[in-house]
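Letters A, B, ... are given to chains in the order of the sequence lines, protein chains preceding strands, and every chain is numbered from 1. What you see below is based on every heavy atom in this structure, not just the backbone, and it leaves out hydrogens, waters and symmetry mates.
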Amino acid sequence: MIRMTEPSKITAVPDHQPAAGGIAARARASVGPKYLSGLNPEQREAVETLDGPVLVLAGAGTGKTRVLTTRIAHILSQGRARPAEILSVTFTNKAAREMKHRLGQMLGHAVEGMPWLGTFHSIGGRILRFHAELAQLKSNFTVLDVDDQVRLLKQLLQAENIDDKRWPARMLAGLIDGWKNRGLMPSQVPSGEAAMFANGKGGKLYASYQERLKILNAADFGDLLLENIRIFREHPDILRQYQQRFKFILVDEYQDTNVAQYLWLRLLSQAPSSTSPRLRGEVAPQSDAGEEDSPQTALVETPPHPDLLPASGEKEKTKNICCVGDDDQSIYGWRGAEVDNILRFEHDFPGAKVIRLERNYRSTGHILAAASHLIAHNEGRLGKTLRTEDVEGEKVTVTGSWDSEEEARGIGEEIEQLQRQGEKLNEIAILVRASYQMREFEDRFVTLGLPYRVIGGPRFYERAEIRDALAYLRVINSPADDLAFERIVNVPKRGLGDATVQMLHDHARKRRVPLFDAARAVVETDELKPKARGSLRDLVAQFDRWRAQREVTAHTDLAQIVLDESGYTEMWQKDRSADAAGRLENLKELVRSMEEFENLQGFLEHISLVMDREGGAEDDAVSLMTLHSAKGLEFDNVFLPGWEEGLFPSQRTLDEQGRAGLEEERRLGHVGLTRARRRAMIYFATNRRIHGTWSTTIPSRFLDELPAANVEITESKGGSAWGGTGGYGASRFDDMEAFGSSYSTPGWQRAQANRNRGGGRNGGRSGGFEEEAATFSSSSSSGPDFGSFSSRRRGPLTIEGELIAKSTGTTSEFSLSDRVFHQKFGYGRVTKIDGNKLTIAFDKAGEKKVVDSFVQRA
DNA sequence: ACCGGCTAAGTTTTT
DNA sequence: CTTAGCCGGT
């Protein structure tokens, strides 16, 4: 669990009081409710300013969550609202859980009664279920995930005879998603954009996709908000009901809101109109305004939101909405977030009070200064100056490496050194820009026997086995769920292939019935071959049986029965691939997680919205993740590798988003730096392998944007890249002194020189690689050869051998040519043994050096 | 219906 | 260099 340290560090009475009324404030501070004690003046103002719109600009590590939860506690304890009258939205389930947890600590058990604390989507979904019929849905509608969406769209493309090679379903899904993020119903999509896909058919496809969703009784994630917005607009009476209910609205991570979320908040935050409610079905004045005003601007710039301006001349009254966010941490523009929302807050919510939280309780002075200086290069920001009363601490280090392997090696050694100094691995994180960077670290850590944990990756409910299992349950619960039926009809293999499914589709379409009903009918005919027919008949019978059992069996038991009887469990038991065991474990976990829900229906309604990745293991391990998934986390020691032009900032972002993209990348750097409490260590490599081929890179421009006074340039410890002795010699630091605070270490110079060179391979390397080879490699004396570069480097390295021997000291229980299994690399054969260090030829992953504790006998 | 080989593409991620 | 997805052969 993430430590949030700020409360304990604060003394009871804030050191700085506002100039005016200092004494009175001090007196109040000591008298006020105990949950207010320990807040600094700004935090306290953010908590106590209950009336009218409030924007809390909360920089990294300034106690944002604390303010949110304390504010809720304050509202409740002041009797301003009951728990059910507070709408509190977050983006992730994790954030929602964290808030509930902290509220619980603050208030005791009272949290149970906060029904409207949740993610945008779960609350939107909740509201939509209440009014499902207004969206042509039933209240038990299914929430589709991306995979379902894409499959559905593929069918539509096929039906329209559109070449899905040229116009991939994924692309259309992305477009539709983008439109929904911007709050656009099919009729509102600017015609220029609608025409972009498949020679003008984009808009039509969007419309028919929506129609299909209704038939399937399904909604996608975007609909959960979009349909809310539509219902609110078309039924002012309903909107008014919610406006009256929610006395207070709190929003977390406001900088990440997209247009749809903004519209949704905007509607809910208006004071309930005093005019008579409009009649059902009558169109609200706002709803049409959008299209005519800005037909084509949307393509180029953020569309203005004309439909948000007060309907007539009357002044819109805004209720008590409090948005907390940090424009400097907006890193999700590419998925529809509008930094503009936060930048425009004061304009959108007239009379808004803006409170800045600038006191950082997390990082040391140097780290904070470096992060602040970097982000100051952005133009589109509201501007905050983070300050700390913590020590200066260590300077941020910038280390150049010859290539990405050396970078990984250097960081590996640095981590081992930190470990020797008593640092917990849990307090060490490596934050990368792109996930492909992780591989080298994983390889390295496996070789070192360094425990690590990858954060992110496929989420629990996105895994194939979970989605398959859910599909079975969905078909039981809702026989009309064609997408679920199609997903599992031949999983495990039942001999019901494409031909059969196509046949069922034809049947279903002709009679306008769901696939399942078509299946039931078809098995009564002799349209199918006997084998397929029998298979299908069995399947239909099984579902009938399961549905009957549902009445008399606990839903968890039913799930287990379904998984077993369908042969699904068996399918994975027989599977010998590397991750089969994990999948079975996930299935168990799924069944376990069902216990929290009353019944199957309840489970299915929430599963797609609240299920997230498995709770991490409690072991001490280094965390490896992307900068994006690091947002909201903090660690004592943070490694930031790969600060090179093209990678970070990402070339693609620059190409596609231009200056805005560059600023978002810079914010990403700011996020990365501010994750660190005590040490931030930046790395760049001169050569990096991208898509298999080595290319020479130049250091990131962000390095130039760091303040020299807070940064120290060091040489890689991962084996000397350039000149030098290759160890931890003190002379290295003497050398550093000469270069002072400018970026002109030998490595840096070489990197700069490489800018002008055509990236000639032999040019830059002569000094570096060979010297290193002399120092480290005992196995090879041949010249550089990039083809076998990595494998040769991984030859028996004395230094590694010593390190390993020191740390474990046992001899291996494996023998040559043993068949072994590795969590990550799968099955392989031992080809070499060196102490507890094995060289294994993996069937799939190739030859790797691995510490024996990482493998088991196959 | 299934498997194997080929081709093309290749950030970031939540719900 | 990988990997996913598609097509063609058995």
From the set B:dT15, B:dC2, B:dA1, return the single nucleotide nearest to any side-chain atom of A:A499. B:dA1
Give a yes/no on whether any side-chain N or O of A:N490 is located under 4.0 angstrom from OP1 or OP2 of B:dA1. no
Heavy atoms from C-beta onward define the side chain here; which of B:dG10, B:dT15, B:dT13 lies closest to that of A:W334? B:dT13
A:R335 has a side chain; which of B:dA1, B:dT13, B:dT15 sits nearest to it? B:dT13
Under 6.0 Å from the six-membered ring centre of A:F702 and within 45° of its axis: does the NZ or CZ of A:R666 meet both? no
Whole Å only: how far is the CZ atom of A:R170 from the C1' atom of C:dC6? 15 Å
Under the criterion of centre distance below 5.5 Å and interplanar angle below 30°, is A:Y332 classified as stacked on the base of B:dT12? no
How would you label the contact of A:D498 with the nucleic acid (heavy atoms, under 4.0 Å): base, sugar-phosphate, or nothing? sugar-phosphate
Expressed as a whole number of angstroms, how long is the span from A:D147:CG to B:dT14:P? 15 Å
Mind checking if A:E656 touches a base, just sugar-phosphate, or nothing, with heavy atoms under 4.0 Å? base
Phosphate OP1/OP2 of B:dT12 contacted by A:S650 side-chain N/O (<4.0 Å): no
DNA chain B: 5'-proximal contact among A:K165 and A:H121 (nearest heavy atom): A:K165
Are OP1 or OP2 of B:dT13 and a side-chain N or O of A:S629 less than 4.0 angstrom apart? yes
According to a strict under-4.0 Å criterion, is A:K180 in side-chain N/O contact with OP1 or OP2 of B:dT14? no
Which is true for A:T500 with a 4.0 Å heavy-atom rule: it touches a base, it touches only sugar-phosphate, or it touches nothing? sugar-phosphate
Within 45° of the axis and under 6.0 Å from the centre of the six-membered ring of A:W116, does NZ or CZ of A:R126 qualify? yes
Indicate, with a heavy-atom threshold strictly under 4.0 Å, whether A:V143 touches base, sugar-phosphate, or nothing. nothing
Could you verify whether a donor N or O on one side chain and an acceptor N or O on the other, from A:D223 and A:Q210, lie under 3.5 Å apart? yes
Is the phosphate of B:dT15 approached by A:T90 (side-chain N or O, under 4.0 Å from OP1 or OP2)? no
For the residue pair A:D326 / A:Y254, report whether a side-chain donor-acceptor contact shorter than 3.5 Å exists. no
A:T693 side-chain N/O to C:dC1 phosphate OP1/OP2 under 4.0 Å: no
Just the rounded figure in Å: distance from C1' of B:dT14 to CD of A:Q329. 17 Å
Would you mind reporting whether A:F120 and A:T257 have side-chain heavy atoms less than 4.5 Å apart? yes
Starting at the 5' end of DNA chain B, which residue's closest nucleotide do you reach first, A:R494 or A:H628? A:R494
